[in-house]
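In what follows, a structure is listed as structure tokens, so that the remarks can point back to it.
Side-chain atoms are counted along with the backbone in the values below, which use heavy atoms only and exclude waters and symmetry mates. All chains are named by letter (A, B, ...) in the order of the sequence lines, taking the proteins before the strands, and each is independently numbered beginning at 1.
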Amino acid sequence: MLTTRPRGTADILPGQVEHWQYIEDMAVRVCREYGYREIRTPIFEHTELFVRGVGESTDIVEKEMYTFQDRGERSITLRPEGTASVVRAYLENKLYAGPQPVKAYYIGPMFRYDRPQAGRYRQFHQFGVEVFGAQQPAVDAEVMALAMDFYGRLGLNDLELHINSLGCPTCRIVVREKLQQFFKPVLGELCPNCQSRYARNPLRILDCKSTRCTELALEAPTTVDCLCPECRTHFEQVQQYMLDLGIPYVLDKQLVRGLDYYTHTAFEIMSPDIGAQSSVGGGGRYNGLIEACGGPPTPGIGFALGLERILLTLQKRGKLPNIQAGPVVFLVAVGDRAVRESFSLLARLRAAGVAADMDYQGRSLKAQMKYAGKLGVRYAVIIGEDELKRGSVMLRDMDAGGQREIPAGEVIGALKDN
RNA sequence: GUGGAUGUAGCUCAGCUGGUUAGAGUACCAGAUUGUGGCUCUGGGGGUCGUGGGUUCAAAUCCCAUCAUCCACCCCA
């Protein structure tokens with residue numbers, strides 16, 4: 001136990017962490033260009049926030065939350081998703097009093113007590129954005145465009161974007177009734193799960209992956225069939241904007257998102273080659289959420305993308321860049337005096353902005369060279385008795401294999417550009 | 001929460017139906033080359049066989065439990 005990490009968590013080691021930084025840097029860059037600013041909220045919140053924000057009847061709240069009592073008897077929960085926290089911060093800090101809309105993004109760990117499998121972990125990471133205070137369909141399109149742009153810049157140009165509209169609460173009531181009417185005669189044929197969904201949330205039957213349910217759902221009325229005029233117009237305009245932007249998408253009438261708060265536009269991005277957990281991101285509009293959390297009626301929309309799943313996709317497709325993160329220069333010193341000289345040269349190189357390192361194991365020249373090779377440095381600077389006598393150093397190009405002796409005073413200048 | 005597969009050296013794995021000091025490749029360290037990495041050769045260190053019980057004269061091998069990993073269901077990122 002002492003030496004094993006908790007189930008469903010991962011250590012991100014040197015060599016892998018560079019890939020995370022690559023993805024995160026890309027997210028930051030894209031967000032900046034789209035006018036989104038970073039927000040950092042606590043990793044834990046009062047349990048109540050998620051119960052209200054995510055929805056009591058969701059799987060997340062019913063069985064996946066990391067909840068505990070703190071020493072002050074408060075019920076605390078490790079955040080299972082990002083939106084609720086951002087909404088809370090928006091309200092608590094009265095950001096609604098400032099210029100609207102507020103466009104924010106976050107990158108960080110989320111926690112769900114699930115059984116781990118390919119692409120699913122108990123601590124996982126999301127990159128998400130939220131827009132509060134804008135109800136225009138162009139915003140829906142912008143948010144989806146941002147997500148697709150982000151994937152595209154990572155080299156994932158062919159991910160499938162599925163979109164749907166769930167309508168407003170009024171439309172919901174209509175679909176609900178129509179669905180119940182539709183499924184009533186075949187209720188017995190549905191999977192046990194969907195039989196209970198029938199009463200509670202018949203929408204979810206559309207989303208069921210059990211083959212019989214899927215077959216039956218093919219002919220079922222869908223949310224888009226039941227949209228009120230305003231919702232219909234909104235959705236049509238969203239699609240028009242997507243067309244204008246040239247972003248391909250699939251109209252997926254079966255798409256129903258699992259979190260209760262979604263209204264209007266809902267979308268999901270799929271990656272076909274990372275196993276059963278193929279969704280690499282999803283989001284949608286949640287016009288009632290902010291009010292439900294005690295704020296003024298405020299439209300909202302956002303998405304969350306799973307960084308582990310993106311990483312898996314990049315890995316599967318060989319799209320991860322080779323990143324040389326180690327030092328560029330390695331100092332090879334032979335003899336006590338050379339070690340002392342090298343140590344101070346090391347400090348001067350670093351001060352000049354050159355990523356440099358040297359041996360601290362008292363290794364032989366040969367072993368130091370070997371180690372330098374393993375580190376993958378571009379240059380080795382060799383200092384021994386001969387060089388000390390001549391006031392020079394041996395500068396070796398580890399890739400080319402050649403080396404030349406230069407005056408000690410010129411080393412920093414020669415390496416500075418690296 | 002449910003089901004299946006798997007846990008032997010840092011890593012990838014072998015170890016037949018239970019039988020002496022548990023092996024290979026690779027990685028690591030050193031030497032061959034007393035001032036030079038990547039190739040080759042030689043040598044060396046490193047394993048409570050996931051953990052805990054049980055069966056047996058004898059368990060890495062059989063049984064049970066437990067933990068973990070992987071995959072799938074469920075759900076989602």
Side-chain angles (χ1 to χ4, degrees), chain A residues 1-10 13 54 57-64 79-83 107-128 147 191-194 196-197 204 207-211 213 255-259 268-271 274-283 302-313 330 332-335 338 359 361-389 393-403 405:
Chain A
M1 279 316 241
L2 194 61
T3 54
T4 47
R5 61 186 186 271
R7 183 159 210 206
T9 63
L13 304 175
V54 179
S57 64
T58 59
D59 277 28
I60 292 181
V61 170
E62 278 180 355
K63 49 185 200 192
E64 295 174 4
R79 64 181 185 193
E81 57 106 52
T83 304
I107 299 171
M110 306 292 163
F111 306 84
R112 290 185 202 169
Y113 191 89
D114 239 357
R115 195 112 170 230
Q117 75 184 72
R120 197 173 70 187
Y121 312 93
R122 289 186 172 178
Q123 175 176 340
F124 60 102
H125 298 77
Q126 289 186 330
F127 154 44
C191 70
N193 219 316
C194 283
S196 74
R197 282 169 174 159
R204 303 300 306 274
D207 209 25
C208 185
K209 281 154 205 150
S210 126
T211 45
C213 296
L255 175 65
V256 178
R257 307 273 314 151
L259 282 61
E268 195 162 339
I269 301 104
M270 316 288 230
S271 173
I274 56 169
Q277 306 302 317
S278 59
S279 165
V280 290
F303 65 61
L305 315 183
L307 299 190
E308 282 82 359
R309 291 183 187 178
I310 291 171
L311 199 65
L312 273 176
T313 308
F330 193 81
V332 175
V334 185
D359 172 64
Q361 310 288 322
R363 284 190 251 239
S364 66
L365 169 69
K366 184 187 170 71
Q368 289 185 55
M369 289 302 295
K370 207 168 172 181
Y371 181 61
K374 296 243 170 63
L375 282 180
V377 296
R378 182 68 209 279
Y379 299 101
V381 172
I382 302 159
I383 304 176
E385 285 305 317
D386 300 349
E387 286 78 8
L388 285 178
K389 259 180 236 158
V393 304
M394 196 63 84
L395 180 60
R396 181 174 177 83
D397 185 322
M398 296 295 276
D399 293 342
Q403 63 185 28
E405 191 166 358

Checklist entry - In this structure, which one of A:K63, A:R120, A:R122 forms a salt bridge (Lys or Arg N to Asp or Glu O under 4.0 Å) with A:D114? => result A:R120

Next on the checklist: Between A:S279 and A:E268, do the side chains contain a donor N or O and an acceptor N or O under 3.5 Å apart?
Outcome noted: yes

Can you tell me the Watson-Crick or wobble partner of [N], both distances under 3.5 angstrom?
{"N": "B:rC62", "result": "B:rG54"}
{"N": "B:rG25", "result": "B:rC11"}
{"N": "B:rG45", "result": "none"}
{"N": "B:rU2", "result": "B:rA72"}
{"N": "B:rC16", "result": "none"}

[X] near the nucleic acid: base, sugar-phosphate alone, or nothing, with a heavy-atom cut-off under 4.0 Å?
{"X": "A:G119", "answer": "base"}
{"X": "A:G8", "answer": "sugar-phosphate"}
{"X": "A:E64", "answer": "sugar-phosphate"}
{"X": "A:A372", "answer": "nothing"}
{"X": "A:E387", "answer": "base"}
{"X": "A:R363", "answer": "sugar-phosphate"}
{"X": "A:A367", "answer": "sugar-phosphate"}
{"X": "A:V280", "answer": "sugar-phosphate"}

Within the structure, does a side-chain N or O atom of [X] lie under 4.0 Å from either OP1 or OP2 of [N]?
{"X": "A:K370", "N": "B:rU36", "value": "no"}
{"X": "A:K374", "N": "B:rC29", "value": "yes"}
{"X": "A:R120", "N": "B:rA77", "value": "no"}

Considering only the [atom1] atoms, how many Å lie between [N] and [M], rounded to the nearest integer?
{"N": "B:rA65", "M": "B:rG7", "atom1": "C1'", "value": "16 Å"}
{"N": "B:rG35", "M": "B:rA30", "atom1": "P", "value": "16 Å"}
{"N": "B:rA59", "M": "B:rU21", "atom1": "P", "value": "11 Å"}
{"N": "B:rA60", "M": "B:rA27", "atom1": "C1'", "value": "24 Å"}
{"N": "B:rC11", "M": "B:rC57", "atom1": "C1'", "value": "38 Å"}
{"N": "B:rA22", "M": "B:rG47", "atom1": "P", "value": "12 Å"}
{"N": "B:rG54", "M": "B:rA14", "atom1": "P", "value": "29 Å"}
{"N": "B:rU2", "M": "B:rU8", "atom1": "P", "value": "25 Å"}

Checklist entry - Quick one: does A:D397's side chain get under 4.5 Å of A:R378's, heavy atoms only? => result yes

Next on the checklist: Let's test your reading of the model: under 3.5 Å, does the base of B:rC74 pair with the side chain of A:Q117 as donor and acceptor?
Outcome noted: yes

Checklist entry - Looking at A:L388 and A:A338, what are the two nearest heavy atoms and their distance? => result CD1-N, 3.7 Å

Just the rounded figure in Å: distance from [atom2] of [N] to [atom1] of [X].
{"X": "A:Q368", "N": "B:rG38", "atom1": "CD", "atom2": "P", "answer": "15 Å"}
{"X": "A:M394", "N": "B:rG35", "atom1": "CE", "atom2": "C1'", "answer": "9 Å"}
{"X": "A:K63", "N": "B:rC73", "atom1": "NZ", "atom2": "P", "answer": "14 Å"}
{"X": "A:E385", "N": "B:rU36", "atom1": "CD", "atom2": "P", "answer": "15 Å"}
{"X": "A:F111", "N": "B:rA77", "atom1": "CZ", "atom2": "C1'", "answer": "14 Å"}
{"X": "A:I274", "N": "B:rA72", "atom1": "CD1", "atom2": "P", "answer": "10 Å"}
{"X": "A:L375", "N": "B:rG37", "atom1": "CG", "atom2": "P", "answer": "16 Å"}
{"X": "A:Q361", "N": "B:rA30", "atom1": "CD", "atom2": "C1'", "answer": "14 Å"}

Measure from the side-chain heavy atoms of [X] and tell me the nearest of [options].
{"X": "A:Q277", "options": "B:rA72, B:rC76, B:rA77", "result": "B:rC76"}
{"X": "A:P116", "options": "B:rU36, B:rC70, B:rA77", "result": "B:rC70"}
{"X": "A:Q126", "options": "B:rG35, B:rA77, B:rA68", "result": "B:rA77"}
{"X": "A:R115", "options": "B:rG37, B:rC71, B:rG1", "result": "B:rG1"}
{"X": "A:R7", "options": "B:rA32, B:rA68, B:rA72", "result": "B:rA68"}

Next on the checklist: Assuming nearest nucleotide by heavy-atom distance, tell me which of A:I382 and A:A304 is located more 5' along RNA chain B.
Outcome noted: A:I382

Next on the checklist: Between A:Y121 and A:Y113, which residue's closest nucleotide on RNA chain B lies nearer the 5′ terminus?
Outcome noted: A:Y113

Checklist entry - Would A:Y371 pass as stacked on B:rG37, i.e. its ring centre under 5.5 Å from the base's six-membered ring centre and planes under 30° apart? => result no

Checklist entry - Given the rule in the ring pair (Phe, Tyr, Trp, His ring centres under 6.0 Å) test, do A:F330 and A:Y379 qualify, once you have shown the distances and angles that lead to the verdict? => result CA-CA 6 Å; A:F330 193 81; A:Y379 299 101; over 10 Å; no

Next on the checklist: A:R115: which residues meet the side chain to side chain donor-acceptor pair (under 3.5 Å) condition with it, sequence neighbours left out?
Outcome noted: none

Checklist entry - Between A:Q368 and A:R363, is there a donor-acceptor pair closer than 3.5 Å when you use the side chain of the first and the backbone of the second? => result yes

Checklist entry - Would you say the side-chain atoms of A:D359 pair up with the backbone N or O of A:G362, donor to acceptor, closer than 3.5 Å? => result yes

Checklist entry - Between A:F303 and A:F127, does the ring centre distance come in under 6.0 Å? => result yes

